[in-house]
Amino acid sequence: MDIRQLQYLAALAREKHFTRAAQACHVTQPTLSGRIRQLEQELGVPIVERGQRYIGLTPEGERVLKWAHLILDNWRSLTQELGAIRSRKGELAGRLVLGVIPSALPKVSLLTRAMEREHRSVEFTVLSQSSEEILRNLHEHAIDAGITYLDNEPVEGLMRHPLYAEHYSLFVGANSPYTDKESVTWTEAAREPLCLLTPNMQNRRIVDRAFALANAHPSPRLETNSIMNLLASVKSMGLSSIMPDYFIHVLGKIDGVKAIPLTDPRVEHKVGLVGLPREPLSPLVAALFAAARTLKA
């Protein structure tokens with residue numbers, strides 16, 4: 001068994017396609033398939049369900065994949081630490097994979113910029129994921145760290161650092177009757193033609209609970225898992241949406257769109273950085289948490 005075999009297996013599980021996995025690993029498809037067959041022979045268990053195309057992993061393959069993620073995570077941490085030792089300045093290099101809830105995506109650049117100031121050779125992959133996906137992917141070592149809700153998710157036992165508090169506004173188009181109001185109640189918002197995130201998103205569940213507290217029962221006209229689609233729908237379709245109020249500041253002024261604070265009830269949730277506690281800790285993850293501590297929560 002070697003690291004490349006495990007990398008090929010992880011890529012196949014991620015891409016769910018032999019050719020795409022081979023392309024991601026910069027090898028031919030026969031090479032990738034052959035190395036995974038070698039892994040099966042060495043371990044003495046079937047890993048991949050055989051068929052004309054990729055079907056999935058066997059139960060044994062799923063267990064091998066969990067160990068592969070753990071081994072690859074430790075391997076990356078080892079190479080990062082050795083790279084820092086070899087560097088005269090102790091500068092880190094490598095790639096951090098972050099899972100981020102959609103509502104926090106506009107804020108990620110503040111953290112990556114703080115990290116880049118100290119470690120210019122670090123690269124990033126930022127993935128939009130639900131809070132449930134982030135927790136699962138952390139435990140499966142599919143991501144290095146996550147940005148998610150700290151007070152609305154089972155994050156006990158994880159490393160965590162607060163980044164900001166999330167408040168909510170009603171985003172309306174230029175023709176909305178609420179454009180001149182300083183605030184809007186959740187009951188009033190429920191009467192609007194709404195576009196919201198899909199129910200599997202934690203942000204949507206927060207919004208639904210706020211409506212329930214106000215004894216309001218909206219019927220969204222559009223649901224999506226994309227924040228950008230929400231903004232576009234407000235601007236071009238004349239719909240209204242509920243999103244974190246900081247969007248209007250981070251993204252800059254959006255012509256024809258106004259954010260009005262929501263009240264009755266006033267809703268607030270903490271969003272922060274989370275990671276798996278381990279010893280030794282990945283140098284990149286440790287540096288990321290150090291960068292997070294330099295930001296004003």
Side-chain angles (χ1 to χ4, degrees), residues 73 77 80 92 94-119 122-169 197 200-210 225-227 230 242-251 259 261-262 265-297:
D73 186 53
S77 297
Q80 292 162 13
L92 294 172
R95 179 174 292 273
L96 273 167
V97 181
L98 306 178
V100 183
I101 54 175
S103 64
L105 286 170
K107 286 275 194 179
V108 177
S109 61
L110 300 177
L111 178 58
T112 54
R113 184 176 62 186
M115 179 74 171
E116 189 182 40
R117 280 197 291 265
E118 297 297 324
H119 305 284
V122 173
E123 299 172 339
F124 303 90
T125 296
V126 178
L127 304 174
S128 177
Q129 298 180 340
S130 70
S131 55
E132 293 173 347
E133 288 174 326
I134 289 171
L135 295 179
R136 182 175 67 250
N137 289 332
L138 273 175
H139 288 290
E140 292 181 354
H141 303 278
I143 60 176
D144 297 304
I147 296 178
T148 187
Y149 295 101
L150 300 183
D151 54 3
N152 210 51
E153 285 295 312
V155 296
E156 295 81 7
L158 294 178
M159 297 168 52
R160 51 192 184 272
H161 181 80
L163 295 175
Y164 64 92
E166 188 173 86
H167 304 98
Y168 305 91
S169 287
L197 289 175
N200 66 308
M201 296 292 181
Q202 184 61 257
N203 178 269
R204 170 62 184 277
R205 295 196 287 273
I206 289 171
V207 167
D208 286 346
R209 280 196 294 274
N225 62 1
S226 167
I227 288 289
L230 290 182
I242 295 171
M243 291 177 277
D245 55 5
Y246 72 79
F247 273 33
I248 210 72
H249 306 296
V250 174
L251 298 178
L262 279 159
R266 174 77 167 167
V267 181
E268 176 181 303
H269 285 284
K270 292 181 180 178
V271 176
L273 181 66
V274 296
L276 282 180
R278 47 179 296 184
E279 182 60 41
L281 184 63
S282 158
L284 284 184
V285 173
L288 185 67
F289 271 84
R293 288 190 285 272
T294 68
L295 301 177
K296 183 178 180 180

If you round to the nearest 0.5 Å, how far is [atom2] of [Y] from [atom1] of [X]?
{"X": "Leu96", "Y": "Leu284", "atom1": "CG", "atom2": "CG", "value": "4.5 Å"}
{"X": "Phe124", "Y": "Leu111", "atom1": "CZ", "atom2": "CG", "value": "7.0 Å"}
{"X": "Ser109", "Y": "Met115", "atom1": "OG", "atom2": "CE", "value": "15.0 Å"}
{"X": "Ser282", "Y": "Leu276", "atom1": "OG", "atom2": "CG", "value": "11.0 Å"}
{"X": "Ile143", "Y": "Glu133", "atom1": "CD1", "atom2": "CD", "value": "9.5 Å"}
{"X": "Leu273", "Y": "His161", "atom1": "CG", "atom2": "NE2", "value": "8.0 Å"}

Looking at residues at least two apart in the chain, or sitting in another chain, which of them share a salt bridge (Lys or Arg N to Asp or Glu O under 4.0 Å) with [X]?
{"X": "Arg204", "result": "Asp208, Glu223"}
{"X": "Glu123", "result": "Arg95"}
{"X": "Arg278", "result": "Asp73"}

So, Arg205 and Glu132, do they make that salt bridge, N to O below 4.0 Å?
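Yes, Arg205 and Glu132 are salt-bridged.
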query: Under the side-chain hydrogen bond (donor to acceptor under 3.5 Å, both in side chains) test, which residues partner His167, sequence neighbours left out?
result: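 In terms of side-chain hydrogen bond (donor to acceptor under 3.5 Å, both in side chains), with neighbours along the sequence ignored, His167 is linked to Glu268.
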Next on the checklist: Using the side-chain hydrogen bond (donor to acceptor under 3.5 Å, both in side chains) criterion, which residues pair with Glu116? Sequence neighbours excluded.
Outcome noted: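 Partners of Glu116 under the side-chain hydrogen bond (donor to acceptor under 3.5 Å, both in side chains) test: none.
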Non-neighbouring partners of [X] that pass side-chain contact (heavy atoms from CB on, under 4.5 Å), sequence neighbours left out:
{"X": "Ala114", "answer": "Arg117, Ala291, Thr294, Leu295"}
{"X": "Ser226", "answer": "Thr224, Met228, Asn229"}
{"X": "Asn225", "answer": "Thr198, Met201"}
{"X": "Ser128", "answer": "Pro102, Leu105"}

| query | side-chain contact (heavy atoms from CB on, under 4.5 Å) between Gln129 and Leu135: does it pass, once the steps are laid out? | reply | CA-CA 10 Å; Gln129 298 180 340; Leu135 295 179; over 6 Å; no
Quick one: closest heavy-atom pair of [X] and [Y], and the distance?
{"X": "Ser169", "Y": "Asp245", "answer": "OG-CB, 3.1 Å"}
{"X": "Lys270", "Y": "Asp151", "answer": "N-OD2, 3.1 Å"}
{"X": "Ala104", "Y": "Val271", "answer": "CB-CG1, 4.3 Å"}
{"X": "Leu288", "Y": "Ala145", "answer": "CD2-CB, 3.8 Å"}
{"X": "Val274", "Y": "Phe289", "answer": "C-CZ, 3.8 Å"}
{"X": "Ser103", "Y": "Asn203", "answer": "CB-ND2, 3.9 Å"}

*Side chain proximity check, Ile227 to Leu197, heavy atoms < 4.5 angstrom*: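 Touching, per the 4.5 Å side-chain cut-off.
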Item checked: Beyond-backbone contact of Val267 with Ile206, side-chain heavy atoms, under 4.5 angstrom ->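 Val267 reaches Ile206 side chain to side chain.
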ask   = Under 3.5 Å, is there a donor-acceptor pair between the side chain of Arg160 and the main chain of Val155?
value =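 Pair found, side chain donor or acceptor close to backbone of Val155.
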> Can you check side-chain contact (heavy atoms from CB on, under 4.5 Å) on Lys107 and Leu163, steps first, answer last?
Replying inline: CA-CA 9 Å; Lys107 286 275 194 179; Leu163 295 175; over 6 Å; no
